[in-house]
Amino acid sequence: MTMTEQRAEAAEENTACCAHHHSHDPSSGAEDTETPRERVNRRWNEILQETRVTQTGVQILFGFLLSVAFTPVFRELEVLDRVIYVTTVMLGAAATASLIAPVSLHRLLSGQRMKDEVVEAAGRMMMCGMVLLALTIGCTLLLILRFVVPGVLAEVLVGGIMLWFGLCWYALPLRLRRRAGRRSRSDAA
């Protein structure tokens with residue numbers, strides 16, 4: 001779809017839809033005049049920004065992981081460490097695929113008038129990629145810390161970091177979402 005077609009379509013939707021798409025934003029209390037088209041465009045732009053951040057991180061980590069196999073120390077790895085390494089590389093590859101998937105979705109479906117579906121699928125792939133990225137980071141830490149820290153302390157440290165990832169990346173956003181939902185229900189009552 002060309003920019004002219006997008007503007008014309010947006011203008012049509014604005015005149016047809018704005019009258020009945022007003023709601024209250026629970027965070028500001030102001031009227032939300034965002035049309036469905038504007039909302040999907042905003043969500044797509046947010047996904048693009050998130051993709052840029054996560055892709056860079058996962059690609060650097062994945063490149064590091066691939067280079068490890070070509071170091072002299074790699075030949076000295078115990079069987080368990082090799083298993084951890086292979087698992088880490090596979091998780092890194094899966095995370096890379098998931099976090100780059102929104103680009104492929106957009107490219108293959110561009111112009112098909114499927115933006116809602118593309119945004120929804122891209123959002124799901126990003127969430128999947130974030131889980132895989134957290135697991136990749138955890139396994140990378142485990143592999144490194146098994147060389148640096150004696151005994152089970154490496155596993156305990158990695159467990160603590162994975163708990164922190166879970167709290168920062170998942171528990172906090174879900175808690176905030178739940179709180180906002182309760183607030184909007186009490187405002188509606």
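In terms of heavy atoms, V68 sits closest to F74 at O-CB, 3.4 Å. Closest non-hydrogen pair, C139 versus T87, comes out as SG-CG2, 4.4 Å. Contact detail for S98 and P102: the closest heavy-atom pair is O-CD, 3.5 Å. For the residue pair T140 and F64, the shortest heavy atom distance occurs at CG2-CE2, 4.0 Å. The minimum heavy-atom distance between V58 and A95, with the atom names listed, is CG2-CB, 3.8 Å. Between V118 and W44 the shortest heavy-atom distance is CG1-CZ3, 3.7 Å.
F62 has its side chain within reach of V89: a pair of non-hydrogen atoms, C-beta onward, lies under 4.5 Å apart. The shortest side-chain heavy-atom distance between L109 and K115 does not fall under the 4.5 Å cut-off. For the pair Q49 and N45, the minimum side-chain heavy-atom distance is 4.5 Å or more. No side-chain heavy atom of M127 sits less than 4.5 Å from a side-chain heavy atom of R124. In this structure, L174 and W169 have side chains that are not in contact, with every pair of non-hydrogen atoms separated by 4.5 Å or more. With a 4.5 Å cut-off on side-chain heavy atoms, L132 and C128 count as touching. Side chains of M162 and L141 form no contact here, defined as non-hydrogen atoms less than 4.5 Å apart.
Atom CG of residue D81 and atom CZ of residue F147 lie 5.0 Å apart, to the nearest 0.5 angstrom. Of the inter-residue distances, the one linking T88 atom OG1 with L61 atom CG reads 8.5 Å to the nearest 0.5 angstrom. Here OG1 of T51 is found 11.5 Å from NE2 of H106. Values are rounded to the nearest 0.5 Å. Taking CG of L172 as the reference point, atom CG of L176 lies at 4.5 Å (rounded to 0.5 Å). Interatomic distance, I137 CD1 to F165 CZ, rounded to the nearest 0.5 Å: 4.0 Å. Remark: Q55 CD to I60 CD1 distance equals 11.5 Å, nearest 0.5 Å.
In the hydrophobic clustering of ILVMFWY residues, with side-chain heavy atoms under 4.5 Å counting as a link, L135 and L80 come out together. No path of Ile, Leu, Val, Met, Phe, Trp and Tyr side chains, each step under 4.5 Å between heavy atoms, connects L133 with W164, placing them in separate hydrophobic clusters. Placement of V83 and M90 in two distinct hydrophobic clusters is found when ILVMFWY residues are connected by side-chain heavy-atom separations under 4.5 Å, directly or transitively. Under the 4.5 Å side-chain heavy-atom criterion for grouping Ile, Leu, Val, Met, Phe, Trp and Tyr, I84 is connected to V148 within one hydrophobic cluster. Linking Ile, Leu, Val, Met, Phe, Trp and Tyr residues whenever their side-chain heavy atoms come within less than 4.5 Å leaves V156 and L142 in two separate clusters.
In this structure, R82 does not pair ionically with E78, as no charged nitrogen and carboxylate oxygen lie closer than 4.0 Å. For R42 and E38, the salt-bridge test fails: no basic side-chain N is under 4.0 Å from an acidic carboxylate O.
In this structure, the side chain of T136 engages the main chain of L91 through a donor-acceptor pair within 3.5 Å. Looking at N41, its side chain does come within 3.5 Å of a backbone N or O of R37 through a donor-acceptor pair. Looking at T71, its side chain never comes within 3.5 Å of a backbone N or O of S67 through a donor-acceptor pair. A donor-acceptor pair under 3.5 Å is absent between the side-chain atoms of S110 and the main chain of R107, judged by distance alone.
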* Could you give me the CA-CA distance, side-chain angles and deciding distance for E120 and E117, then say whether side-chain contact (heavy atoms from CB on, under 4.5 Å) is met? => CA-CA 5 Å; E120 188 65 32; E117 294 87 349; 5.7 Å; no
* Could you check E155 against R146 for side-chain contact (heavy atoms from CB on, under 4.5 Å), going step by step and ending with a plain yes or no? => CA-CA 8 Å; E155 288 83 2; R146 283 178 49 86; 3.4 Å; yes
* **Stepwise side-chain contact (heavy atoms from CB on, under 4.5 Å) test for M125 and L99** => CA-CA 7 Å; M125 293 307 297; L99 293 171; over 6 Å; no
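At least one cation-pi condition fails for R175 and Y170: the charged atom is not both under 6.0 angstrom from the six-membered ring centre and inside a 45 degree cone around its axis.
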